[in-house]
Amino acid sequence: MTTTPSSPREPLSKVYEAPAVEERLYRWWEESGFFRAKVNPDRKPFTIIMPPPNVTGQLHLGHAMTAAIEDALTRYHRMKGFEALWLPGTDHAGIATQMVVERELAKEGSSRHDIGREAFIKRVWEWVGTYGGIIEDQLRRLGASCDWSRKTFTLDEGPSLAVRTTFKRLYDKGLIYRGERITNWCVTCRTALSDLEVDHAEEPGALYKICYAFEDGPLPDGRTGLVVATTRPETLFGDTAVAVHPDDPRYAGLVGKRVLLPVTGRSIPVIADEAVALDFGTGALKITPGHDPNDFETGERHHLPIVNILNPDGTLNEQAGPFAGQERLAARVALVARLEADGLLEGVTEHPHSVGHCQRSGDIVEPIVSAQWFVAVSPLAERALAAVRDGRTRIVPERFEKVYANWMENIRDWCISRQLWWGHRIPVWYCADCDHVTVSIEDPAGCEGCGSAYITQDEDVLDTWFSSGLWPHSTLGWPAQTADLDYFYPSTVMETGYDILFFWVARMILMTTYMIGEVPFQTVYLHGLVRTRDGRKMSKSDPTTAIDPLESIADYGADALRLALILGTGPGQDLRLYPEKLEACRRFANKIWNAGRYILMTIPPGTPITPPQEVRSELAQWLLHGLDQTVRNVQGSLSAYRLSEVIDALRGFFWGEFCDWYLEMDKKPERSPEDNQVLAYAYTTLLKVLHPYVPFVTE
RNA sequence: GGGCGAAUAGCUCAGCGGUUAGAGCGCCUGCUUUACACGCAGGAAGUCACAGGUUCGAAUCCUGUUUCGCCCACCA
């Protein structure tokens, strides 16, 4: 439909050679500035801020699906006369990127602690220099029509300023605080994690019944101690009480007595607490406030001390007596053997239970008490909840609005500090000379309290998702009041996978409704996951089923891949992808190509592509009527975000009616100018409506 | 323990109140028909998971059941 830079005289191949076409076309598009968007009061804006992939990441099918959908929406609106901005960017991906570089260091026999913070961060930047930007070129190969002149990185100056400004304002309002709380700790990554970064899985385990001897000797009835039940025996070194239910007849009169921990012999009290279940285990519950979230709360109710038994690397500390230095899981085994030898192990029963794992390293997460920074999200949640409830932000498919509301209503404070080096460093300074904590957007010269120059910045960085939460406005210049922000914000659609509804979408709504007082986007479109033909999650480690989008582009063409990622799925629905599907889509691209080839060979050059004034042929009338109907259907389906339906309708009409009927009937020796014009008009119209989905082959 | 999704042709999915239930792939039968064999013409193939109910009419709405999958939750 547009004049391509190549010579139209060169013979067209019988088979559509996607790779030969794609690179040339993309370069032309980009160099011509077709994807640039600017503030334009004469047009209505259409904005999509791209979910930023990891800066050093590789394109996977999830990205490809995101790109296919967002590009289709963007190109459609651009064609409809909107000022369409699709703003790309990348994420520093704190924990993920840091771990990759740490693994590299490990290969060299080094570690981040060996080389120090400054050298390590330099090393990560080098890594970003080498691998950053790869994903951008991969998105280009898909045909993504984003405005590269606006690409943003979460660690750029703008977003960094947005991070510090947000931190400062929330802190000043008392909505960011530092506290000693029980949090999730990954001993592999050696950092705290938010609740969302912990994946729970049901696993086989055991319930160990362990006897804690009474301090002042056996009871008159002969009982020598209290038997507690636990799945994590090694945590007993951190116990500071044993709790029983106040109404439990088995333990009547024992509250207030003291028992001795096995091995170390530390004395702890027996307390009464209603939260203890009468029908679980032995009815006596060991209380470990330092290493169990429930026990932490019980401990607060009873003002129990907190004993930490773990070193940051997951080995037991001196609290474990002879077990000090042992890795926690090894210590469990050794301790059980010791308890058995000491005659304190009263039984072991199988007990499958849910175990939390670090999303990144897969290691078992340990609850520990430490000083961390938190966002008090409840006050923000009210606005975020209202935004969706009153329809200022709509979620597609709608059922996720309930999921969203349920999460918001039960939201808990968000741990945002990470003991990592790669990320936005927390803008907080501690003073050596007074207790004042200086929180500042700019690096301060001294303590804001006493003026002392002896201040040190908090060592930690922020959760990656903190900066992601500001993405819709930080990419447009906020906190500066820019024309871009005024014009393009709030964005029209936020399109992403349902798997990051809480991680990202909810956080964006939380942060922006509070900071800006306006929703970040009008519509959230959530796509599903890409799966194998038999419904399994596609993983790179399983090459028999994994499909690499880049290989697919090479083998089938970007258009075919894009079609395959949209066809046969809808919002919130998982998609099964397999080679035959890609083949089928490639055939459609080939069909479009060959229909065009036929028309170019048939009609004289210069045939107008406008609709003919008068259509006499009944066949042509039938075609144009169907065409009109199809275009209408496409627009209807699109406005309801039913992209698969669009392709179905287009393929059905293009192939089944236009090609199989009209083109076949049209083959005749004598052609009228009207015949030619109908052909030219119908084909170019079809190319236009197809273009958002298959940009290369329709160009 | 709560919540959600899926169940329609061999496979992947449309259809979501109205005549004989559709598509793509696969399968079968013909076709080197002057765009395309990544094609064309034709064909076989479905008690729409099950049981009730609402309705003149149900794959489609309601209730329950079963099977798969997912999410959330502090199950010592």
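Quick note: numbers below take in every heavy atom, side chains included, and nothing from hydrogens, waters or symmetry partners. Chain letters run A, B, ... following the sequence lines, proteins first, then strands; residues in each count from 1. Quantities reported herein were computed from a predicted structural model and do not represent experimental measurements.
- Taking the side chain of Val15(A) as heavy atoms from C-beta on, and the options rC38(B), rA35(B), rC75(B), the nearest nucleotide is rC38(B).
- Ile553(A) pairs in a side-chain contact (heavy atoms from CB on, under 4.5 Å) with only one of the listed residues (Asp548(A), Asp559(A), Leu561(A)), which is Leu561(A).
- Checking the phosphate oxygens (OP1, OP2) of rA14(B), a side-chain nitrogen or oxygen of Gln573(A) falls inside 4.0 Å.
- Nucleic acid contact class of Arg597(A) (heavy atoms, under 4.0 Å, all strands): sugar-phosphate only.
- Residue Arg586(A) places its side chain closer to rC38(B) than to any other of rA35(B), rC38(B), rU12(B).
- Taking the C1' atom of each, rA45(B) and rC71(B) are spaced 38 Å apart, rounded to whole Å.
- Place Tyr498(A) and Leu278(A) on RNA chain B by their nearest nucleotides, and Tyr498(A) ends up nearer the 5' end.
- As judged by a 4.0 angstrom heavy-atom cut-off over every strand, Ala275(A) is placed among residues making no nucleic acid contact.
- A donor and an acceptor atom sit less than 3.5 Å apart, one in the side chain of Lys591(A) and one in the base of rC36(B).
- Comparing atom distances between the Tyr578(A) side chain and each of rC4(B), rU12(B), rA76(B) picks out rU12(B) as nearest.
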Practice task
Would you sketch RNA chain B in dot-bracket for me? Only Watson-Crick or G-U wobble pairs with both distances under 3.5 Å count, crossing pairs as [ ], other-strand pairs as |, the rest as dots.
Solution key: ((((((((.[[[[.)..(...]]]].(((((.......))))).....[[[[[..)....]]]]])))))))....
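- At a threshold of 4.0 angstrom between heavy atoms, the contacts of Lys402(A) are confined to the sugar-phosphate backbone, with no base atom among them.
- Listed nucleotides rA35(B), rU12(B), rA23(B) differ in distance to Tyr598(A); the shortest reach to its side chain belongs to rA35(B).
- Contacts of Glu664(A) with the nucleic acid, taken as non-hydrogen atoms under 4.0 Å apart, include base atoms.
- For Trp655(A), taking side-chain heavy atoms from C-beta onward, the closest of the listed nucleotides rG39(B), rA76(B), rA35(B) is rG39(B).
- The side chain of Arg587(A) sits closest to rG39(B) out of rA35(B), rG39(B), rA76(B).
- At the heavy-atom level, Glu202(A) lies under 4.0 Å from base atoms of the strands shown.
- The shortest distance between the side-chain N/O atoms of Arg651(A) and the OP1/OP2 oxygens of rG24(B) is not below 4.0 Å.
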